[in-house]
Amino acid sequence: MKLTGIELRRLRLPLVAPFRTRLGQTSVRDALLVRIITPDGEGWGECTAMAQPTYTSEYVDGAHHVLRHHLVPRLLAQPDLTAEGVALALAAVQGHPMAKCALEMAVLDAELRTTGTSLAHHLGAVRDKVEAGVAVGLAASVPELLDTVGRYLDAGYRRVKLKVQPGWDVEPVEAVRQRFGDVALHVDANGAYRPGDTAQLRRLDAFALTMLEQPFAADELAAHADLAKELQTPICLDESITSAASAAFAIASGAAAIVNIKAPRVGGYLEARRVHDVCARAGIPVWCGGMLETGLGRAANVALAALPGFTLAGDLSASDRYYTTDVTPPFVLHDGRLRVPGGPGLGVDVIGEVVESFTTSVEHVVADR
Ligand code: SMG
Ligand code: MG
């Protein structure tokens, strides 16, 4: 297909409650949506970069800039673009996987709509519902944390992830285990620990956690492999996994027993499928990570999580865990699960008035004729 234009749209979406991690607190999601226009229709994508460059080096203003000045012009210059060809068309630009993912997602949406195929089917989905999980941010106190976890379990979530950091680890985990019994529980450190913290991390072995996610910095692969030998709790990598190749290396080096797959972190849903395939061949379970997505990114994530290797519940929550009003019809829990969209493309349509009402800026870039 030949693109005729690309729209870059910023939205300001208040979260129902602030999400606090060691990377900072998010109260309002500064969302960046991409709409591609073709002679046959349109396709939507979401760039999940956060407001600050604290999770990875990408952040929303930087992503917007690289899209506008480097990525969008390259895509508009393609005479015959396919979703499979997006990564190659953008390969000259180093890095910026979240910005690239947004464009590939929009092209996939547009392309699959013309053939009437769902993204889930295209990626190789084997289920029509996926288990919902919830990520709980750092809390001000243990009682506050227990209240929050209790509300999510009452809502039907089947697995809970707690953010941890030095000074907020054993005590909250022990309290959640004591109060809620054998609920599926894991912790995510977002790289908060140092290799010298092994003795403290070993204390978490007492709580039968499904995994310890990203204890050390992204590039500390050898330290993660060493830690894995010292702990019973399986190590899961998130920030360290930037491609299928890096997943293969992390697995081979013993640094990851479980992998969190986020398509935006690896440059797109097609590379995410390759990460899944690498992990499946190695017998490594995977699950789908989240970036406080709107319904657009959630639709794509839920489709990805329907692949066979996604045997663990992801950070895939209902729309109302994040937003009072979502930009698509809301994702809702059905007995602790989310339905995989089966319609063409992403399988969800944006609600025009809602998108407009939250929009703070729109930029329209047209192709040269
Ligand atoms: O989308 O439910 C969600 C958030 C899940 O904790 C979450 N994501 O490291 O896994 C992670 C974080 C990255 C984003 S922190 C704002
Ligand atoms: Mg994480």
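For the single chain, residues carry numbers from 1 onward in sequence order. Order of appearance sets the numbers: ligands from 1, and atoms from 1 within every ligand.
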Would one find more than 12 heavy atoms of other residues, nucleotides or ligands at under 6.0 Å from atom NE2 of His122? yes

Please name the atom of Glu213, limited to N, O or S, that comes nearest to the Mg ion (ligand 2). OE2

Arg9 charged N/C atom sitting above Trp44 aromatic ring, 6.0 Å / 45°: no

Per-pair distances, 0.1 Å, donor-acceptor, side chain in residues 10-22, under 3.5 Å, sequence neighbours excluded:
| unit_1 | atom_1 | unit_2 | atom_2 | d |
| --- | --- | --- | --- | --- |
| Arg10 | NE | Asp30 | OD1 | 3.0 |
| Arg10 | NH1 | Asp61 | OD1 | 3.3 |
| Arg10 | NH1 | His64 | ND1 | 2.8 |
| Arg10 | NH2 | Asp30 | OD1 | 3.4 |
| Arg10 | NH2 | Asp30 | OD2 | 3.0 |
| Arg10 | NH2 | Asp61 | OD1 | 2.7 |
| Arg20 | NH2 | Ala139 | O | 3.3 |
| Thr21 | OG1 | Leu23 | N | 3.0 |
| Arg22 | NH1 | Asn190 | O | 2.7 |

Name whichever N, O or S atom of Asp238 ends up nearest to the Mg ion (ligand 2). OD2

Dump the pairs for me: ligand 1 N or O, protein N or O, distance under 3.5 Å, to 0.1 Å.
| unit_1 | atom_1 | unit_2 | atom_2 | d |
| --- | --- | --- | --- | --- |
| ligand 1 | 1 (O) | Met291 | N | 3.3 |
| ligand 1 | 1 (O) | Leu292 | N | 2.8 |
| ligand 1 | 1 (O) | Tyr322 | OH | 3.4 |
| ligand 1 | 2 (O) | Tyr322 | OH | 2.6 |
| ligand 1 | 6 (O) | Lys163 | NZ | 3.0 |
| ligand 1 | 8 (N) | Gly290 | O | 3.1 |
| ligand 1 | 9 (O) | Lys163 | NZ | 3.3 |
| ligand 1 | 9 (O) | Asp188 | OD2 | 3.1 |
| ligand 1 | 9 (O) | Asn190 | ND2 | 2.7 |
| ligand 1 | 9 (O) | Asp238 | OD2 | 3.2 |
| ligand 1 | 10 (O) | Lys161 | NZ | 2.9 |
| ligand 1 | 10 (O) | Asp188 | OD2 | 3.3 |
| ligand 1 | 10 (O) | Asp238 | OD2 | 3.2 |
| ligand 1 | 10 (O) | Lys262 | NZ | 3.0 |

Whether the side chain of Tyr152 engages the backbone of Gly133 through a donor-acceptor N/O pair (distance < 3.5 Å, no angle test) should be reported. no

With sequence neighbours excluded, residues passing side-chain contact (heavy atoms from CB on, under 4.5 Å) with Pro195: Phe216, Glu220, Ala223

Residues which pass side-chain contact (heavy atoms from CB on, under 4.5 Å) with Ser57, listed by chain and number, not counting sequence neighbours: none

Does the separation of the ring centres of Trp287 and His186 fall below 6.0 angstrom? yes

State the atom name: nearest N, O or S atom of Asp188 to the Mg ion (ligand 2). OD2

